[in-house]
Each structure stands twice: as structure tokens, then as C-alpha cells.
Protein chains: 2
Amino acid sequence: MAVTLKEVAERAGVSRSAVSRTFTDGASVSDKMRRKVEKAAKELGYSPNALASSLTTGRTKLIGLVSNNFHNPIFLEVFDLFTRGLQDRGLRPLLVNLTDETDPENSVRMLRQYSVDGVVVASSTLPPGFAKAFRDAGVPVVHSFGRASSAPQVHVVGIDNVECGRMAARELIRRGYTHVGFMGGPEGATSTQDRYTGFMSEMSANPDIKVSYSFADAYSFDAGRREMLRLLKNGPSQAYFCGDDVLSIGALSAIDDSGLSCPDDVGLIGLNDMEMSRWENIDLTTIHQPIRQIVTSSIELMAAMLDDPERYPETRIFPCSIVERGTLKAEV
Amino acid sequence: MAVTLKEVAERAGVSRSAVSRTFTDGASVSDKMRRKVEKAAKELGYSPNALASSLTTGRTKLIGLVSNNFHNPIFLEVFDLFTRGLQDRGLRPLLVNLTDETDPENSVRMLRQYSVDGVVVASSTLPPGFAKAFRDAGVPVVHSFGRASSAPQVHVVGIDNVECGRMAARELIRRGYTHVGFMGGPEGATSTQDRYTGFMSEMSANPDIKVSYSFADAYSFDAGRREMLRLLKNGPSQAYFCGDDVLSIGALSAIDDSGLSCPDDVGLIGLNDMEMSRWENIDLTTIHQPIRQIVTSSIELMAAMLDDPERYPETRIFPCSIVERGTLKAEV
DNA sequence: TGTAATTTTGCAACCGGTTGCAAAATGAGT
DNA sequence: ACTCATTTTGCAACCGGTTGCAAAATTACA
């Protein structure tokens, strides 16, 4: 079906190597030769087989893009940014949906079978060990949105979730709330754990503030809504730090639905600043996570690793900032 | 770095063919041989190189997943379903983000270079010719969410957008609205055009109803919001059929923001029934598009084409139905 | 136990490219 | 016109697998 190198070579009356060389840049070909080959190639509609060449060059330009967050709208933005960024560098994303899998073994095996040049793990819930498994298998890996570490075993790009927890706590304190809650995502998620740690550590310095906590069972609207309905029934706190915008929006819906008002009855602060949080009918006060920079930086790091696989693992943490909108009361 | 067939063969003291055969099912290998090879393979941590084998078998199990809808949250659901469905069949999605490209040439070339076994075009905006380009290049293709046709040139799976337009029109009429509008997505999108056609055809049978129309410049929240703000300034209709839920939600935000109420001042009916439309703080009346079935069916069709590439192109259309929620007035 | 039918195995060529090396062609310099 | 240095080209081996074919091994049957 497809036209091969050999056919082009025959048509142009030259050797196969000559054809190969005109299609690999940096190779030595005379102008005359190049023209002859390009003519024949065009006539036959030839384009080189990337996979065949990968056999000898050892590079496929395939990048595994592994994620398990297909229910959080922010990940549509993330996928958009990743696919574009990778494409711009001539890399091709091979998308892997982990669903509920947390064992890296299958993904590692599969992605090695496809000889991916590298892997981006885009997940705020998977433990560091997940990405580590790729490194152990000799595959360059970047963990985006992963847990920050001062001694990372793989490249990590993301935010300081502990600090975000503290920020949220400080913000609630600053606004004069005296009875607050932490409503996290799934308890096993590293991001939830870290945000919890930060939030609680800051609160423990303020013993006069009453603090409660609980966890939704997923980073999703429904989970946030369910959890908030439960909280409302048991007598809610004055304000909550929700571990993610999509949880906040679920919580918001529960509050509205119970005939209560946000921020008058219950205040909310989220984390992510996803597009939807800006929507005027949501207008969520939240902590901005710079996903654009995180993605760009992850791709940069990946590209750097492709050049130097031995590169020393590094952690890149981007600062977050509070975006004041309408779901917390003005300072009292 | 990676362990090869040859090394396993040497370790097991057998021929390379023997190793190859133990890893391809249906091949003739004795039990004794299989055990010997598997032992050696396990010891060395061997797993076959899928791309190398694709050279001779002619199958990569790679499927190009091409889309340009990275700003419509419903596509996160679509990607989730596609990636899972493909993975379940041992197929691997190679994701292509078209951004604003509408010329198939680049994608066709790139996906052929990677020898994909097939391509799924997941887009409600691209014209039939886009998918056709893959077929012309000899690549099996399914156009999901594409324009229905009675004489399709490629497999198309989706809904009857013209009929959806009619449904929306009938619903607005049934509810007694006498002054209605069509607020479409981008004018060039096939889905917009078809929904417009259906809507108008039904309306033309009801000359006493006043009808207007306009188009947002993207299928996105912001575009819907902008367009509705413009409409509100110029004196809006009583109710609108928005060409997509995400547009409706943008419109909703514009309405709320202008101090008006939906459905009391302006009614809305959307199309898609995405997860978010169910959220209680949105509660959008809409036309349900059965995306789960569309995706499942697309994958089925793709799998069938892999077995029989000459398969005659077919159109699979799934029925839609109205989901009554809170953004249209009860019948008057 | 001998022979024929059947299964298992290895050889070698092939898939579609790349690349080191040496031979051929070109260009520079006198 | 004749060296010598430099560039361009083709040969052949290789990347990591698969597969048709014939030889070797096993099994069936008399």
C-alpha cells in the first residue's frame, strides 16, 4: 500500500541510502541528488515510515501521556496544552487512561513495547512511586502536578500543595472566620494529603479557631456535592477550603440547593482557578494554579531529558496566588 | 538498553524464531519450548518490541484520535470513553490536537508516518471531506459526531442534527413561545449548520412565530456568554435554542449577570446533556446526545474495519431526546 | 520395529529504514 | 593537466522482529 524507500530509489535511479539521506537532515547530499530524489518522492507520494526509522535511530518521538483525571474539567485544559506543546516540538502523545489503576506495571510494559521516548505522568493523585517505575525501567519521565520533594527521584513539576493549604488557612483566618473546615479530595491522593497537612499546620497555630475536616471520594462535581450535603446536614462550618475547584463547585450546588447562600451562610475557597471558576454564575474564590507554566515547563524538561537522559532529577515548583471572587465574605 | 529477541534466544539456547513464536499466539510451539523461552524471557525482563513487529505484520494497533474540540467539557467525557474503549481492545490512541487547523493534509501525513491502523475523527465541526482524506490515503477512518449522510463516503457515527434542530423548535413552539431565536456555534461547523437548518425548517411551518438567529464564534462558554450579552443589549427573544450546552451555560451566565432570570425573562434549551448540565446550579433543559453509544459504536466500527478494510461505509445515527430541566417555562 | 503422517524447529529472507566505510566524483591549487 | 583534499555516493550490515519452507523430531499406526 504505502510507498517505500526502495521504490523511490528505483524511480530516481539512485541507491536507497541516497533517498534515506535526503530525508534525514544533516546528512550529506548534493543538490542535484536531492532534487532527483524529491522529484521521484513527490511523484510517488512517498513519506518515510517513522517507526521503521526508529528501529535504527532508537527514537520514536512518541511520548506517553499518562493520566487518571478524566473527570476534572481542568484536565481538558491540561490535555489541550500538552498535546499542543508536544506537537510543536514534533513529539506525539500516546494517551494512556489509567482509570482506577494505580499499579504502574502495566503502563510501563505497554509504553516500553511502543518504545516511547519518554513519559509524562499528569496526575495530582498518584504517588511518587508511580513515576519512579518508569525511571527504573530506563524511560525518561516527568511527573506533572506531582508531589513536591526536596530530593526528587524523578522530575516533578507542580505546586507546593502544603503551602497552598497554609495559604487557604491564612486567608480564612484573615477574613475572621472562627469555625472552618477542610474538605479534601480522595484521601489517598497526594495533593489532598499535602493540602490537608498545610491547612492543619497553619490552623494549629491558631488554637481558638474550630477546625474540622473530611474527604470527598473523588475529584469530581458529584463527590463534592455529596460531601457538602452531608456536612450541611450535620451542621456546617462557616467556611471550607475545598481541595479542588470542581469539588467547590459541587459544594456550591449543594449549598444553593439547600436554600442556603454562599458566602453568606457558608464560605468556600477552592484550588486550581479553572476556566469555569471565572464564570459569572459560579464566581469562585480560589487559589490559582499556573497550569500553563506547569505544562510548558514539563515539556521543556522532557525535551531536555531526551537530549540528556542522565540529567539529574529536579523539582520545579510554581507559586500560587489567591484569586478573590465571590465565595468568601469580605473581612469582618 | 532494552532486551531483544536475540538475547532471549541465546539464553534459552534456541532459535530466534522459536522466541518469536512463543510470543505470537496461534503459532506452533511445543510446551517444552515455550517453558524454556518464557523462563529466559522472564529472567531477562524481555517484552517484545511492538513497533519492530509492526514492520512485518503491518499492524501497529495505533489509532489516531483526532479532535479540535478542546474547549468543550463534553470532550473530556469523549476522550475518557475513547481511551478506555480503545485500550480495552488493545488499541492505543495517538492523540492529535488540530487546534484551528482544518486542512487534513498534515494530520494525514503525520499519522501515515506513524503507520496508524486507523483514525477516529472526533469532531462535530469538521466537514465530511476531512475524514475522507484519510480514506483516500488508505487509512480506515470513522468520523464520530460527524454530519449524517445517506450516502456516506466514510463511516459516520453521530446524531441527526437537522432533526435535533426540529426537536428544539417543536419544543419551543409546544411551550407557547412566540418569539424565539437560534444561537448557533461557529457558522462553519457542520453541526451548527444542520441544527440551524432543522430549526428553521420547523419554524417556517409556523409563520406566526417570530424567529431570529445568530452565531457564536466557538463552541465555548465565553463565546456563548459574549453572544448572549450582545443579544440582550439589542432586545432578546423569549427563548433560544443554543447549539450546544456549553454555549447555553455561557448564555445563562450572561442572563444572570444582566439581572435577568432564566427561564422567566429568557428561556434556554441546549444540546448535548453534558454532565455539567445536570448540576443543580445550572439545571439546563437540553437535548440529550448519547455520547456513550456514539463512542462505543465508533470503536466497534473501527474494530470491524481493521478486520475488513474494504467494509462499505455506513452511517450510524442515534436518537436524541429532550431532557426537561429548569431553563424553559412550563407550557403557557 | 519400521514407515508414514504430523508437529516442531531452525534457516534465511524480509519488513522499511539507517549508517560506517571505502570507492567514486568533484573541487582546489599549482 | 596532475596531485591531493574534500565531498558525495553506494555497498552491505544492521535495527528487532516475522514467516515460508524444508529438515528434524515426534507421534500414529500397522
Side-chain angles (χ1 to χ4, degrees), chain A residues 1-41 44-62 109-117 138, chain B residues 1-41 44-62 109-117 138:
Chain A
M1 184 76 252
V3 186
T4 73
L5 192 78
K6 194 168 132 202
E7 304 175 55
V8 177
E10 280 164 7
R11 170 127 193 172
V14 301
S15 75
R16 297 174 11 191
S17 345
V19 180
S20 173
R21 288 191 180 104
T22 61
F23 285 95
T24 47
D25 32 30
S28 151
V29 217
S30 69
D31 284 359
K32 205 198 315 171
M33 171 97 299
R34 157 157 279 127
R35 272 194 297 277
K36 251 197 298 187
V37 172
E38 281 177 345
K39 180 157 170 290
L44 296 172
Y46 170 76
S47 83
N49 181 324
L51 301 181
S53 78
S54 83
L55 258 193
T56 38
T57 61
R59 315 202 110 194
T60 55
K61 302 209 163 203
L62 291 172
R109 185 155 24 81
M110 186 246 117
L111 287 169
R112 283 195 44 177
Q113 289 186 338
Y114 279 85
S115 315
V116 294
D117 287 349
Chain B
M1 181 78 252
V3 185
T4 74
L5 193 77
K6 194 168 132 201
E7 302 174 54
V8 178
E10 279 163 7
R11 171 129 195 169
V14 301
S15 75
R16 296 174 6 182
S17 345
V19 179
S20 173
R21 288 191 179 104
T22 59
F23 284 95
T24 47
D25 33 29
S28 149
V29 217
S30 69
D31 284 0
K32 205 196 319 169
M33 170 99 300
R34 156 156 280 126
R35 271 194 298 277
K36 250 197 301 186
V37 172
E38 280 176 345
K39 178 157 173 291
L44 295 171
Y46 170 75
S47 84
N49 180 326
L51 301 182
S53 79
S54 83
L55 257 193
T56 38
T57 61
R59 315 203 111 194
T60 55
K61 302 208 162 205
L62 291 172
R109 186 156 24 81
M110 186 246 117
L111 287 169
R112 285 194 43 178
Q113 289 186 338
Y114 279 86
S115 314
V116 294
D117 287 349

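Naming convention: chains lettered A, B, ... in sequence-line order (proteins, then strands); numbering from 1 in each chain. Values below: every heavy atom of this structure, side chains too, minus hydrogens, waters and symmetry copies.
What separates CZ of Arg35(A) from P of dT8(D) is a distance of 13 Å, to the nearest Å. The separation between Phe23(A) atom CZ and dT18(C) atom P is 10 Å, rounded to whole Å. Taking atom CG of Leu5(A) as the reference point, atom C1' of dC14(C) lies 15 Å away to the nearest angstrom. Rounding to whole angstrom units, NZ of residue Lys6(A) and P of dG10(D) are separated by 16 Å. The interatomic distance linking Met33(A) (CE) with dG10(D) (C1') rounds to 10 Å, in whole Å. Atom CG in Leu55(A) sits about 11 Å away from atom P in dG17(C), given to the nearest Å. The NZ-C1' distance, from Lys36(A) to dT8(D), rounds to 11 Å in whole Å. One atom, CZ of Arg112(B), and another, C1' of dG16(C), lie 14 Å apart when rounded to the nearest Å.
Across all their heavy atoms, Asn49(B) and Ser115(A) have their closest contact at ND2-OG, 3.5 Å. Of all non-hydrogen atoms in Tyr46(B) and Thr4(B), the two that sit nearest each other are CE1-C, 3.6 Å. The heavy-atom pair separating Lys36(A) from Val14(A) by the smallest distance is NZ-CG1, 3.9 Å. In this structure, Thr22(B) and Met33(B) approach most closely via the heavy-atom pair CG2-CG, 4.5 Å. Contact record, Leu55(B) with Ala52(A): CD2-CB, 3.9 Å, taken as the closest heavy-atom pair.
Phosphate proximity of dC15(D) to Thr56(A): absent, as no side-chain N or O sits under 4.0 Å from OP1 or OP2. Between Tyr114(A) and dG16(D), a side-chain N or O to OP1/OP2 separation shorter than 4.0 Å is absent.
As judged by a 4.0 angstrom heavy-atom cut-off over every strand, Thr24(B) is placed among residues touching the sugar-phosphate backbone only. The residue Val19(A) sits apart from the nucleic acid: no heavy atom pair falls under 4.0 Å. If you check every strand for non-hydrogen atoms under 4.0 Å, Ser28(A) touches a base.
Between Arg11(A) and Val8(A), every side-chain heavy-atom pair lies at or beyond the 4.5 Å cut-off.
In this model, no side-chain donor or acceptor of Arg16(B) finds a partner on the base of dG10(C) within 3.5 Å.
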Which atoms of nucleotides 20-24 of chain C (N or O only) lie under 3.5 Å from a protein N or O atom, and what are those distances?
from, atom 1, to, atom 2, distance (Å)
dG20(C), O6, Arg21(A), NH2, 2.9

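Remark on DNA chain D: of its neighbouring residues Lys32(B) and Ser54(B), the 5'-side contact belongs to Ser54(B), judged by nearest-heavy-atom nucleotide. Nearer to the 5' terminus of DNA chain C, by closest-nucleotide assignment, is the contact made by Ser30(B) (compared with the other of Ser30(B) and Ser47(A)).
Looking at the side chain of Ser53(B), the nearest of the listed nucleotides dG10(D), dC11(C), dG17(D) is dG17(D). Each of dG10(C), dG10(D), dG17(C) was ranked by its minimum atom distance to the side chain of Val14(A); first place goes to dG10(D).
No donor-acceptor distance shorter than 3.5 angstrom exists from the side chain of Arg16(A) to the backbone of Lys6(A), with no hydrogens or angles considered.
Remark: Lys39(A) engages Glu43(A) in a side chain to side chain donor-acceptor pair (under 3.5 Å) (not counting sequence neighbours).
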